[in-house]
Student: 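The structure under discussion is supplied below as structure tokens; questions concerning it will follow.
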2 protein chains.
Amino acid sequence: MGQYGNVEKKRVTIYSVAKEAGVSLATVSRVINESDVVKENTKKRVQEAIVKLGYKPNAVAQGLALKKTTSIALVVPDGSFNYIDKVINGLLDTAKIYKYNIILHTATAGINEMNEIIDNVIKSRADGLILYNDAFSAKEIETLNHFQIPMVYLGNKSEGDTACCVYIDYEKAVYELVSRYLDKGIDDIVVIDDRKNPTSIDLLLKGASEAFEEHGKRFGGFVTIPEDVHNSYEYLSNYFAHNRHQLVITYRDSQAIAVINTCTENNIRIPEDTEVVCIKDSRYTDMFRPRISSFIVPSYDLGALAMRIMTKLLSGDIVRDKEFKLNYVYKAKETTK
Amino acid sequence: MGQYGNVEKKRVTIYSVAKEAGVSLATVSRVINESDVVKENTKKRVQEAIVKLGYKPNAVAQGLALKKTTSIALVVPDGSFNYIDKVINGLLDTAKIYKYNIILHTATAGINEMNEIIDNVIKSRADGLILYNDAFSAKEIETLNHFQIPMVYLGNKSEGDTACCVYIDYEKAVYELVSRYLDKGIDDIVVIDDRKNPTSIDLLLKGASEAFEEHGKRFGGFVTIPEDVHNSYEYLSNYFAHNRHQLVITYRDSQAIAVINTCTENNIRIPEDTEVVCIKDSRYTDMFRPRISSFIVPSYDLGALAMRIMTKLLSGDIVRDKEFKLNYVYKAKETTK
DNA sequence: CAGAAAAATGTAAGGGTTTTCAATACCGCG
DNA sequence: CGCGGTATTGAAAACCCTTACATTTTTCTG
């Protein structure tokens, strides 16, 4: 059985084209690769042969010859598509421009599948690896640093200082937000601490802590969703049915919605009694009622930039900066006063 | 520059292993591929050499030799990740089991990028193509049928009858739903007709029409969002601020939310004045308030099955059925009486 | 128009596997 | 011990390309 089922037509290779055009295969190769040494006349003949035979270069053979595959592996947390939508779009659009293919992998955060993925990346000879790591622990990520694979961390700071990273400075965002509230004398502030997204959440906690410290106070306000809790919505519901706070900060829209729903159901008015801020905006933060106050995050750019950096890395360019922080904008809506 | 940056260690290939183990490369190949003709003793020696050298087979070379890449291309509509989350999960999990890699492509519905994608698929020698096609027009899909690529349509019926398809029988779902309402004497029913998802929407319209016809009535109730409308939320808002209906059927959660928000803002009570049903459930249909009545759709299974079928296709098994319809369950929540 | 330089093209050696077919090693038996 | 046969192993072609280097053709100079 040949490629593509039982098609029995003989394959058309660079040889067929060469024969058809009456040149050597080297010349055909040069035409394909847009080398400018080929005479205009010959080039035309070859191109006609290519069209006539419907020849398409075999990327696998090219990959073998060139020792690169123009494909890069993308690893995202299992079940994350609903919130990394735009990131992936940015990534894919940029990949398309540079003719890279994206091989998609998911890893369940918590279960250390990194070794398995690395294995695959090495076998498949992907040229590089982009890791969307807002849900992976330092330990999981550490696994990656043993390998000499061009890598970009996307969505968070890289701990091992070898790889590039592009992310939003959530630490600063939260710092500014919390400071503002502390200035107003509001200090009953909690951060929803979802242990399934440790790296990102740690930034939030850090930002909040700093702000508190600077105001001579100690930050202790986190609601920790234990790692083994399956239904975090239920967990939060349960908590907020019995606890009140002045300001609740969440990372994901779904958590903000859980908090808001629960408060409303328990006659806690939003924003009068409790204010809620979601760190990352999503298409739903604006569709939900009340509209959820959040930071507006350039997700598309995040993905696009990560891919751009990857291409630079792969083309051998020296990438001087290791950390790329993208800006965010705070947008107060209806869940804050 | 070698594979993976400036690592200068000589590559370890099947030759290195052969040398290390004192056998020929053919034997190493046999060990790798778990051929059972190799003597136990030799096999052990080879395996030790593999471990010692850290050898990983080069999938590119294998691909060339075997004329297959164990990778399959997945095409999804641009910007669809927020709603095909689970489908992709099912697909990837299954792909992992069968050791297939997924190459991810997006195509903007409406702009005919299929040719470009086909080109890529052929160049990259992906073994097959899975098309999530709830947003592609028949014309776009037609392009694909010219090529002898093993293909599975996911999320919708295939028009060209060559390829397999796995989908939810939305037509029947809507038929049943509408019939139920008509039986109750409710006939001011509209379907949100988003021209950006023609194939799926057409099924809805068909299902509704049938039900009406059977009741001796003519169905004319669609609110068509023109293709050139960017912000469909706004469009729907505008419409529902000035029009009332007894039952509104939408395909996506975001459309249902738009309708509900607008109705509420215009003092149209839900579900008392207007009922709303969303065809596909999502994590948000249950988080939104009021909870949105919807069909519960086995999205994960949809993806998993598509991939399973693909593996069957590729292993040369005869796939007798062409159409795989998956079941759905209707779940009345708070937007219906 | 010869000869040198430049331009265009061709030859052949990889790149790392799989697999067919041939060669060798090993077995049991007479 | 020799033979037929089977179990292992090896040699080499094939998969389809790129590219350094060699060769041929073209162009230019005097």
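Since this is a predicted model, take the numbers as computed values, not measurements. Chain identifiers are assigned alphabetically (A, B, ...) following the order of the sequence lines, protein sequences preceding nucleic acid strands; residue numbering begins at 1 within each chain.
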Student: For D:dC15, does OP1 or OP2 lie under 4.0 Å from any side-chain N or O of A:Asn58?
Tutor: no
Student: From the options C:dT18, C:dT9, D:dC16, select the nucleotide whose nearest atom is closest to the side chain of A:Lys39.
Tutor: C:dT9
Student: Verify the distance criterion only: is there a donor paired with an acceptor across the side chains of B:Ser315 and B:Asp317 at less than 3.5 Å?
Tutor: yes
Student: Do you see a donor-acceptor pair shorter than 3.5 Å between the side chains of B:Asp127 and B:Tyr100?
Tutor: no
Student: Would you say A:Thr13 reaches D:dC16's phosphate, i.e. side-chain N/O to OP1/OP2 under 4.0 Å?
Tutor: no
Student: Within the modelled atom types, does a donor on one side and an acceptor on the other bring the side chain of A:Arg125 and the base of C:dG16 under 3.5 Å apart?
Tutor: no
Student: Check the distance between D:dC16's P and B:Lys123's NZ and give it to me in whole angstrom.
Tutor: 17 Å
Student: Taking side chain as C-beta onward, heavy atoms only, is A:Ile32 less than 4.5 Å from A:Val28?
Tutor: yes
Student: Within the structure, does a side-chain N or O atom of B:Tyr15 lie under 4.0 Å from either OP1 or OP2 of D:dA11?
Tutor: no
Student: Below 4.0 angstrom from OP1 or OP2 of C:dT17, is there any side-chain N or O of B:Ser29?
Tutor: no
Student: Name the one of B:Asn115, B:Asp119, B:Val121 that satisfies side-chain contact (heavy atoms from CB on, under 4.5 Å) with B:Ile117?
Tutor: B:Val121
Student: Closest approach to the side chain of A:Arg11, judged atom by atom: which nucleotide of C:dG10, D:dG10, D:dC15 is it?
Tutor: D:dC15
Student: Please determine whether a side-chain nitrogen or oxygen atom of B:Thr42 lies at a distance below 4.0 Å from atom OP1 or OP2 of D:dT9.
Tutor: yes
